[in-house]
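In listed order, ligands and their atoms are each counted from 1. A quick note: this is a predicted structure, and the numbers were derived from the prediction, not measured.
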Amino acid sequence: MPAPRTVLLTGAAGGIGTLMRERLPRHGYDLRLFDRAPVEGEPDAITADLADAEALREAVRGVDAIIHLAGIPRESTFETILRTNIQGTYHLYEAARAEGVRRIVLASSNHAVGFTPRPAGSPVHHGALIPEDTPHRPDTFYGLSKCFGEDLASLYWDRHGLETVSLRIGSCFPEPTSVRMLSIWLSPDDCARLLHAALTAEDVGHTVVHGSSANTRLVWDLSSARALGYEPRDDSEAYARALVEMHGDLRPGDPDHDRLGGHFCTDPPIWPH
Ligand code: 15L
């Protein structure tokens with residue numbers, strides 16, 4: 001497929017969306033912005049909800065590819081997750097299919113496989129890294145919605161030839177802010193590199209990749225991301241000493257030590273509801 005140039009960015013006003021709005025144009029993209037909230041300083045951004053099928057059809061019309069970041073980025077009630085993350089992602093795929101968009105880069109999450117045990121050997125792991133084909137083990141309704149997104153992507157590839165790279169994003173923030181994040185931190189610059197690779201690699205079909213920087217404390221395999229052409233340049237280790245001094249190192253029995261999804265596996269922000 002020819003290298004995409006015009007790219008729809010959903011969730012443009014969100015945390016990662018804001019970080020990517022600054023960076024993706026440097027990789028040569030013309031961004032069309034979409035969010036349910038107004039995007040600061042961007043009067044041309046489309047303000048609409050993922051439930052608005054008509055607005056979505058118009059938003060995707062004529063773009064070369066879509067980066068789908070919109071959605072609830074944490075645990076919520078099942079009803080909220082259903083409406084925004086599950087039905088919203090379905091509406092986006094339907095609009096893309098109807099308008100003939102060839103590729104979507106989908107923000108999945110480590111929480112799709114959050115109950116996966118972390119490789120032993122903390123703090124610096126030398127054991128087997130979690131592979132990209134590890135079975136879905138969602139840790140929340142939020143994680144479950146990411147499993148749905150990956151499976152929806154698989155369906156739309158097999159049935160309609162619409163390609164997706166599902167990025168299981170670790171923790172994409174300007175800096176890691178916990179010891180757990182040292183393993184799965186995705187620096188904003190590396191995130192832009194990974195999105196660029198996911199947009200430009202040939203013949204991706206439906207590919208699942210892990211989204212993190214080249215962290216010393218890596219717990220998952222970056223092979224499929226590297227196969228797309230992703231070359232991470234950052235490593236969270238520069239922040240390790242200060243974070244370990246402040247919070248102490250992770251210990252067995254602590255969900256942040258034992259499971260990829262960490263405290264998401266045990267935090268009950270909503271449950272039972
Ligand atoms: C996610 O999927 C969230 O969207 C993000 O806010 C972080 O909590 C991240 O996972 C994480 O696991 O650190």
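Under the 30°/60° scheme for interplanar angles, the aromatic rings of His111 and Phe264 are found to lie parallel. Ring pair Tyr93/Tyr156 is perpendicular by interplanar angle, where above 60° counts as perpendicular and below 30° as parallel.
By the criterion of a heavy-atom distance under 4.0 Å, neither the backbone nor the side chain of Trp185 is placed next to ligand 1.
Atom CZ of Arg74 sits in a sparse spot, with 12 or fewer heavy atoms from other residues, nucleotides or ligands closer than 6.0 Å. The environment of Arg36 atom CZ is sparse: at most 12 non-hydrogen atoms of other residues, nucleotides or ligands sit within 6.0 angstrom. Heavy atoms of other residues, nucleotides or ligands lying less than 6.0 angstrom from OH of Tyr90 number 12 at most.
Ligand-side atoms of ligand 1 in range of Pro73: 3 (C), 4 (O), 6 (O), range being under 4.0 angstrom from any heavy atom. Of all the atoms in ligand 1, the ones that sit under 4.0 Å from a non-hydrogen atom of Phe264 are 8 (O). Within ligand 1, the atoms closer than 4.0 Å to a non-hydrogen atom of Arg180 are 11 (C), 12 (O), 13 (O), numbered from 1 in the order shown. Annotation for ligand 1: atoms under 4.0 Å from non-hydrogen atoms of Ser109 are 1 (C), 2 (O). Annotation for ligand 1: atoms under 4.0 Å from non-hydrogen atoms of Asn110 are 10 (O), 11 (C), 12 (O).
Residue Arg74 places no N or O, backbone or side chain, under 3.5 Å from any N or O of ligand 1.
In this structure, the protein non-hydrogen atom closest to atom 13 (O) of ligand 1 is Ser171 OG, 2.6 Å. Scanning the protein heavy atoms around atom 2 (O) of ligand 1, the nearest turns out to be Tyr142 OH, 2.6 Å. Scanning the protein for heavy atoms near atom 10 (O) of ligand 1, the closest one is His111 NE2, 3.1 Å.
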Kindly determine whether Asp189 and Ser187 satisfy side-chain hydrogen bond (donor to acceptor under 3.5 Å, both in side chains), including the steps that lead there. CA-CA 5 Å; Asp189 287 342; Ser187 76; 5.7 Å; no
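Aromatic rings from His206 and Trp157 are positioned such that their centres are separated by 6.0 Å or more. Ring pair His196/Tyr29: centre-to-centre distance below 6.0 Å.
Ligand 1 has at least one atom lying under 4.0 Å from a heavy atom of Gly170.
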